[in-house]
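All remarks here apply to the structure that follows.
Starting from 1, each residue takes its place in the sequence as its number.
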Amino acid sequence: MSRLGVAVHDRFGGLPRSYWVLWGGTLVNRLGTMVQPFFAFYLAGSRGLSLPEVGAVLTVFGAGAFFSQLLSGALADRYGRRITLTGGMLATAAIMLTLAYSDSLPLIIACMFLLGVAMEVYRPASSALVGDIIPVKDRTRAFALLFWAVNLGFTGGMLTGGALAGNGILWLFWIDAVTCVAFGLLVWFAVPASHERPRDSTRTGSFREVLSDRVMVVFTLITLAYAVVYHQSMITLPLAMKADGLSPVAYGIALAANGVVVVLVQPVVVNWLGKHDHSVVAAVGMTMVGVGFGLTMFVSSTAGYTATVVVWSLGEIVVTGVSAAIATNLAPAHLRGRYMGVYGFAFSLSNLISPAIGIWLLSFGPAVLWAALAALALVASVVQLAIAPEIRQRTDHLVSV
């Protein structure tokens with residue numbers, strides 16, 4: 001085998017067919033994720049809602065998404081990963097098409113709330129399924145490649161969606177719905193039921209058990225802190241660039257660097273991520289994210305902002321795959337869905353609180369904002385190292401059994 005062949009096999013080889021079904025379905029689904037970025041255009045343009053009404057409807061969508069991860073985690077443990085993922089995708093498709101043809105405000109509000117609930121149901125179920133079918137030693141690589149598929153698909157979907165939106169936004173609803181159905185049915189029919197962890201009716205579990213796990217609670221708080229920092233890329237970063245006299249085009253260029261870096265670098269580093277202590281890797285990644293946002297206080301041009309995006313994007317690559325593996329490895333098998341639901345809930349909670357935190361910090365000036373974000377990421381890194389021995393001990397136990 002050539003050197004290139006060995007490199008490709010090391011990164012992509014050895015993972016079961018069921019995983020690649022999940023990976024391919026995720027890619028297809030993300031390629032079809034075209035509606036969400038254009039919600040505001042649809043509500044204000046096609047449905048003629050006022051700006052306050054658009055804001056209220058989007059808030060309702062966020063309220064639905066807030067509980068989605070916890071609901072999915074419970075359903076995945078109680079009824080199974082495949083049925084939860086497939087059900088979530090089919091429900092998303094049905095609600096999406098109902099929303100597309102809704103012309104009354106009450107129906108639009110109801111659809112947006114239900115869509116917020118349904119759209120993220122697949123995530124904890126998908127992550128729990130990865131934990132079911134992938135050995136501990138390969139989980140970091142598997143999650144990193146899944147994150148790569150999400151970014152590949154989303155980047156392609158954004159480019160395609162932008163082009164198709166000019167011909168009528170209804171196309172986007174149909175494409176999104178069809179890819180949701182394809183993802184759900186692909187997992188249902190192509191992932192054997194035997195590959196899913198058998199449900200134990202004598203051990204139903206509860207979120208109380210998850211919250212009694214001190215290490216998981218601390219890790220969730222670390223994830224929340226990291227998410228608050230990361231989400232400023234979509235909240236205060238464009239505001240800071242505007243204050244520097246830069247246009248939305250400049251923000252688009254800077255943020256596009258994130259997608260390019262992830263798509264190009266993620267498959268190169270997947271093996272490195274799994275060969276080192278997970279907590280050390282996560283701490284390094286969070287520190288890089290903090291440094292990237294901290295450096296933002298020293299830039300004012302499009303090139304400068306783009307350079308800082310590259311720095312924190314490299315950190316994001318390091319954090320994302322390994323942090324999902326940590327959450328999975330901490331979970332007992334019968335609670336894996338709930339653990340991944342709590343892990344995902346940290347990001348949902350961040351979506352809710354990050355705007356207020358970021359804008360409040362920005363009110364004291366950009367330097368205060370970026371310094372505070374850098375400090376928060378550094379604190380998260382230090383706490384991650386503090387719980388590293390317990391995470392390592394529990395991961396080593398999984399490997400030995």
Side-chain angles (χ1 to χ4, degrees), residues 21-49 53-65 68-69 71-72 82-123 125-126 146 149-191 234 252 256 259 263 351:
V21 169
L22 185 64
W23 189 93
T26 300
L27 177 63
V28 169
N29 179 245
R30 293 295 96 180
L31 280 168
T33 303
M34 299 180 181
V35 173
Q36 188 174 356
F38 296 94
F39 274 156
F41 290 99
Y42 164 74
L43 295 170
S46 300
R47 290 296 172 254
L49 301 187
E53 288 173 332
V54 170
V57 171
L58 292 179
T59 299
V60 167
F61 174 80
S68 180
Q69 304 262 355
L71 173 64
S72 173
R82 291 162 65 248
I83 193 171
T84 300
L85 192 156
T86 299
M89 286 291 100
L90 295 181
T92 299
I95 298 165
M96 190 82 69
L97 293 180
T98 304
L99 175 64
Y101 293 96
S102 300
D103 54 11
S104 71
L105 184 57
L107 185 55
I108 289 173
I109 290 174
C111 285
M112 287 293 282
F113 176 78
L114 293 174
L115 191 61
V117 174
M119 279 188 73
E120 294 297 305
V121 161
Y122 85 94
R123 287 188 186 272
S126 172
L146 206 58
V150 168
N151 278 274
L152 274 175
F154 186 76
T155 302
M158 283 295 293
L159 294 173
T160 307
L164 290 175
N167 298 319
I169 202 166
L170 191 62
W171 278 100
L172 306 188
F173 282 91
W174 274 98
I175 293 171
D176 209 331
V178 169
T179 57
C180 285
V181 171
F183 183 22
L185 295 182
L186 184 64
V187 169
W188 184 256
F189 288 107
V191 175
M234 293 167 281
V263 168
N351 278 324

Spacing of [X] atom [atom1] and [Y] atom [atom2] [to the nearest 0.5 Å]:
X    : Y    : atom1 : atom2 : answer
L85  : L22  : CG    : CG    : 7.0 Å
I109 : L114 : CD1   : CG    : 12.0 Å
T26  : R123 : OG1   : CZ    : 9.0 Å
I175 : L31  : CD1   : CG    : 10.5 Å
L107 : L99  : CG    : CG    : 8.0 Å
R30  : F183 : CZ    : CZ    : 8.5 Å

Q. F61 and M119: side-chain contact (heavy atoms from CB on, under 4.5 Å), yes or no, with the steps?
A. CA-CA 10 Å; F61 174 80; M119 279 188 73; 3.9 Å; yes
Short side-chain to backbone donor-acceptor contact, [X] and [Y], under 3.5 Å:
X   : Y    : value
T92 : A118 : yes
R47 : S102 : yes
R82 : V191 : yes
S72 : Q69  : no

For the student: nearest non-hydrogen atoms of [X] and [Y], plus distance:
X    : Y    : answer
A63  : F113 : C-CE1, 4.1 Å
M112 : V57  : CG-CG1, 3.3 Å
T84  : V121 : O-CG1, 3.6 Å
S68  : G116 : CB-O, 3.8 Å
G153 : L27  : N-CD1, 3.6 Å
N29  : M89  : ND2-SD, 3.7 Å

Q. With sequence neighbours left out, which residue pairs that include part of residues 181-190 fulfil the side chain to side chain donor-acceptor pair (under 3.5 Å) condition?
A. none
Q.
Checking S126 against L146 for the side-chain contact (heavy atoms from CB on, under 4.5 Å) test, could you report, in this order, the C-alpha distance in whole Å, the side-chain angles of both residues, the deciding distance, and whether it holds?
A. CA-CA 10 Å; S126 172; L146 206 58; 4.0 Å; yes
Q.
Just so I know, are the side chains of L43 and L58 near enough to count as touching, which here means a heavy-atom distance under 4.5 Å?
A. yes
Q) Tell me, do T86 and Y122 make a side-chain contact under 4.5 Å, heavy atoms counted? A) no
**Q.** Residues in ring pair (Phe, Tyr, Trp, His ring centres under 6.0 Å) contact with F173, at least two apart in sequence or another chain
**A.** Y42
